[in-house]
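Structure, as structure tokens:
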Amino acid sequence: MSKPKVAFYWGASCGGCEEAVVDLAEDLLSVVERVDIAFWPVALDFKRADVEALADGELAASFINGSVRTSEQAEMAELLRRKSQVVIAFGSCAQLGGVPGLANLHSREAILECVYQEAPSLVNEERTVPQLATHVPEGRVTLPSLLDSVRTLDQTIEVDYYLPGCPPPVPLIGAAVTALVEGKLPARGAVLAPDVALCAECPRSATKPERLLVKGFHRTHEVVADPEVCLLAQGLLCLGPATRGGCGASCIGGNMPCTGCMGPTSRVLDYGAKALSAIGSLLDSNDEEEIAALAGEIVDPVGTFYRYSLPASLLHRRAEPASRAGGSSS
Amino acid sequence: MSREIVIDPITRLEGHGKIHVFLDDAGDVDRAYLQIPELRGFEKFAQGRRAEDMPQITSRICGVCPMAHHMAATKALDDLFKVDPPAAAKKIRELVYSAFMFEDHALHFFFLGGPDFLVGPAAPKAERNILGVIGRVGLEVGKEVIGVRQQLRALIGQTAGKVIHPVFGLPGGLSRPLDPELQQEFAAAAARAVEFGKFALGVFRDVVLRTPEFVEMVTAEAYTHRTYCMGLVDQADKVTFYEGTLRVVDPEGREFLRCDPREYLAHIAEHVEPWSYMKFTFLKEVGWKGFTDGMESGVYSVAPLARLNASEGMATSFAEEAYEELVSTLGGKPVHHTLANHWARIIELVYAAERMAELAADPEILDSQVRTLPTAVPVEGIGVVEAPRGTLIHHYCTDSRGLITRANLIVATQNNAARIAMSVDKAARALIKGGEVDDALLNQVEMAFRAYDPCLGCATHSLPGQMPLIIAIHDPGGGVVREIRRD
Amino acid sequence: MPEAELERRFDPRIVAFFCNWCTYTAADLAGISRMEYPPGVRIVRLMCSGRVDPQFVLAAFRHGADGVLIGGCHPGDCHYQEGNYKARRRFELLRMLLRDMGIEGERLRLEWISASEGDKVARVCNEMTEQIRALGPLRLRAAPPRAGRPSAREAAGEGAGEPVVEEPVGEAAR
Ligand code: SF4
Ligand code: SF4
Ligand code: SF4
Ligand code: FES
């Protein structure tokens with residue numbers, strides 16, 4: 001019997017998801033032995049044409065990490081979708097947009113301008129900006145275009161499963177591959193991780209008060225955190241209550257608060273709104289001014305609550321400036 | 001009729017890469033372009049973020065060397081908040097950083113770029129990977145490479161919170177002290193790493209240096225560029241990764257620049273080309289003269305070989321011996337042969353292991369005092385480290401609340417970008433003649449690239465016979481010319 | 001000028017989440033008393049302002065609202081005791097978040113309106129409409145459609161794109 005064919009592909013990725021697979025495979029040769037890797041550009045020498053040559057649905061599964069930022073990435077995702085029975089969005093970039101998804105706070109033009117025209121180290125009198133096509137003396141070279149915003153994988157193609165995390169925890173990757181090979185994947189659409197909040201698996205949860213109220217937030221550089229006590233109870237913005245477990249509370253183990261890379265539990269549509277709600281309800285005051293002051297201590301709400309999920313949020317990206325501000329003019 | 005060959009994707013570095021080779025009527029190379037077709041814009045979306053989050057945000061630039069970004073950012077925060085971390089914190093940082101440099105260099109030498117040499121550049125593609133390496137050096141070695149990396153990565157993860165995207169860096173120190181048990185484990189792992197490093201040097205000697213054809217290749221003009229070289233050095237002008245003075249030597253090896261790395265803006269500038277999203281850095285005082293080498297061109301290089309050139313050797317004994325050997329074998333400094341980077345990389349790997357051993361044995365590293373709390377109002381901070389792939393600069397400005405108003409990032413590979421582009425072009429010109437393109441030639445073009453910065457090898461995680469491979473080679477029209485199978 | 005005319009014709013759409021016990025009753029009263037307020041205000045009745053999940057607010061903006069108004073009982077008057085305070089705490093954070101997302105402060109408003117303050121309902125709605133008219137329509141670019149996540153949501157019985165009420169207003173005595 002032939003082994004199931006699988007593909008790995010990365011979009012706008014940092015490569016950490018690929019490294020996580022490498023970390024897995026060192027332990028799980030037996031699993032890797034049971035699949036036939038048909039495409040893995042980061043590692044194997046197959047090219048796009050090889051994928052095109054496959055029959056539709058010939059791949060048992062494609063694991064795709066990274067968000068979608070360029071036309072090229074969107075095309076590859078579509079191609080792999082056609083060839084695959086199952087597509088797994090791998091890592092928080094593919095699932096929710098990831099850290100680079102914070103780029104949706106800005107327009108593509110503003111990003112290009114910042115990088116190619118404003119950086120203090122630039123010498124660029126001609127104000128050159130990379131072009132989609134450049135005529136060089138020898139011919140024409142092209143670059144893929146940047147999409148208008150950073151997209152999640154499921155804003156690009158249909159996705160069957162999600163492996164959350166930045167990068168996904170190695171044991172969850174192993175479990176997903178095993179489930180795939182053994183035909184034991186759950187219902188389509190599932191997130192392949194425990195569906196409980198991180199606090200439930202956090203070794204510090206016993207020190208988290210039943211009804212926690214916070215009289216002020218500290219920023220991580222302002223205090224030395226007690227290594228045993230719940231970080232939220234110490235006034236550090238730990239997003240454990242709003243975040244899916246499954247990572248073994250790694251950051252807490254590092255004595256740093258959870259920043260939410262595993263994303264929401266099921267039934268939550270918008271991670272940031274949920275996390276904001278969870279944190280908001282801890283503010284220990286009924287006084288309007290005091291509440292405003294406490295809230296004001298969270299100086300970067302978007303970067304805090306949407307660190308990994310801005311593209312997947314209901315708003316998706318920053319609103320454009322209103323065109324008719326102060327409308328009475330003219 | 002001019003023809004075009006596209007190698008896409010080639011090995012990766014923070015994103016994807018593409019090489020366009022243009023052939024002229026005679027089938028010779030007109031010019032080869034290396035393109036980086038991606039941009040994520042970290043500099044822009046860093047704006048408005050809390051400064052103290054930068055070590056975790058910027059590590060997402062690269063998941064292969066997240067520790068380098070994490071550390072550069074953390075050091076930039078020290079500078080931003082004007083705090084000097086306690087001695088133990090600095091030592092733990094350097095210990096973990098050395099472990100990271102070691103495992104990254106090991107990955108490259110045995111799995112990624114190294115196989116070109118260890119197996120041979122003209123060997124079939126299916127063998128130019130860890131499987132082939134194991135064929136040459138034995139299964140036990142393969143297992144040891146995997147084992148020592150795994151051990152170190154686990155230790156990094158336990159100390160830093162996560163191995164991919166660490167969390168422990170804070171301005172003025174670390175989020176927690178080093179656990180005594182971990183220190184013991186680090187000491188044991190370091191001893192193993194030192195042995196491994198010596199062994200790796202032996203492999204290089206036996207396999208590469210004793211093969212005249214390889215030595216010839218290393219010193220071939222096709223792989224040689226006479227550029228300036230940059231790196232951090234310690235007080236004795238020895239190579240250092242975590243902290244030091246920025247030093248640049250000219251193509252003749254004379255000291256050209258010595259400065260506090262925080263003065264980088266006075267000396268380093270970036271150039272933009274319309275055909276790549278990657279910016280090219282150059283020495284400001286010399287100027288951008290295009291993709292050309294020599295005294296008159298501001299192009300400089302970084303990473304292992306450049307660091308050796310920019311220094312007066314290594315601070316630890318075995319590494320220093322190996323350094324002397326490299327210099328004398330290749331006819332004195334500076335060494336401009338790109339492929340000697342592989343050799344330099346093992347020398348650095350040995351240094352990283354020896355440094356790890358020194359630090360793990362230092363009793364002060366267990367001190368529980370690992371944080372100095374900042375009191376200053378933040379304004380501006382710069383942090384510089386040597387990443388595996390070269391000098392890495394993070395530079396932040398903030399408002400008085402410590403929110404980033406401007407971030408400037410010069411990543412290691414960018415410092416090498418111009419030289420890499422030149423290497424690819426030069427190698428293509430020398431190797432592709434009369435329209436004849438075969439696998440070995442294309443690989444040698446890629447080798448020019450891989451010597452600086454690798455892709456991840458799939459073969460990293462499998463042992464002989466367990467990984468089926470099918471490799472196809474295409475003609476310019478996209479058709480398959482040849483297929484190599486290994487089921 | 002045609003531009004100016006267009007402007008005059010812009011009728012902001014405002015989604016108003018009113019609590020059943022105070023503000024909704026006040027809105028009723030305003031209706032009965034024939035106090036005029038703009039037709040662009042669409043009222044959604046909830047049991048308590050504390051039930052306004054931030055996801056509802058974001059969903060309203062996503063689906064075309066130019067402004068969102070939350071109305072609840074005066075401090076101390078909430079039927080569930082703490083609901084309106086809870087709303088206040090979330091509201092502060094949400095407003096900061098929206099500001100950073102390019103959505104002006106005037107587009108989200110929280111008001112305490114008791115059952116007898118029908119006139120306040122009318123005044124607040126009129127005021128807010130005028131303010132938003134001056135700002136212009138909210139220019140939230142369309143998000144790429146969610147191609148995926150097919151069956152899980154259906155399986156869980158969730159309507160596509162509809163926010164799900166997560167936490168009931170808890171601790172209160174009835
Ligand atoms: S999810 Fe995290 S580890 Fe994976 S590609 Fe994105 S940033 Fe990198
Ligand atoms: S809030 Fe954070 S530290 Fe506290 S129990 Fe939850 S995950 Fe653990
Ligand atoms: S603790 Fe939070 S941020 Fe850290 S790995 Fe777990 S889910 Fe991700
Ligand atoms: S019942 Fe009116 S605000 Fe709670």
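Note on naming: letters A, B, ... go to the chains in the order of the sequence lines (proteins, then strands), and numbering restarts at 1 for each one.
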Asn104(A): side chain to side chain donor-acceptor pair (under 3.5 Å) partners, not counting sequence neighbours: none
Side-chain donor or acceptor of Arg60(B) paired with backbone N/O of Gly16(A) under 3.5 Å: no
Any side-chain heavy-atom pair of Thr259(A) and His165(B) under 4.5 Å: no
pair Arg307(A)-Asp53(B): side-chain heavy atoms closer than 4.5 Å: yes
Glu19(A) side chain near Leu107(B) side chain, heavy-atom distance below 4.5 Å: yes
Given Asn408(B), Ile268(B), Ile393(B), the one that forms side-chain contact (heavy atoms from CB on, under 4.5 Å) with Ser121(A): Asn408(B)
Contacts of His395(B) that satisfy ring pair (Phe, Tyr, Trp, His ring centres under 6.0 Å) - sequence neighbours left out: Tyr264(B)
Side chains of Lys279(B) and Asn124(A) in contact at under 4.5 Å (non-hydrogen atoms): no
Heavy-atom donor-acceptor pair, Arg371(B) side chain to Val223(A) backbone, under 3.5 Å: yes
Lys162(B) backbone acceptor or donor facing Ser250(A) side chain under 3.5 Å: no
Portion of Ala110(A) that has a non-hydrogen atom of chain B nearer than 4.5 angstrom: both
Segment of Val299(A) engaging chain B (4.5 angstrom heavy-atom cut-off): both
Heavy-atom side-chain proximity of Pro171(B) to His221(A) below 4.5 angstrom: yes
Contacting region of Pro100(A) [heavy-atom separation from chain B under 4.5 Å]: both
Within-4.5 Å side-chain heavy-atom neighbours: Ile111(A) and Phe45(B): no
Heavy-atom side-chain proximity of Thr220(A) to Arg50(B) below 4.5 angstrom: no
Residue part contacting chain B, namely of Cys166(A), when any heavy atom lies under 4.5 Å: both
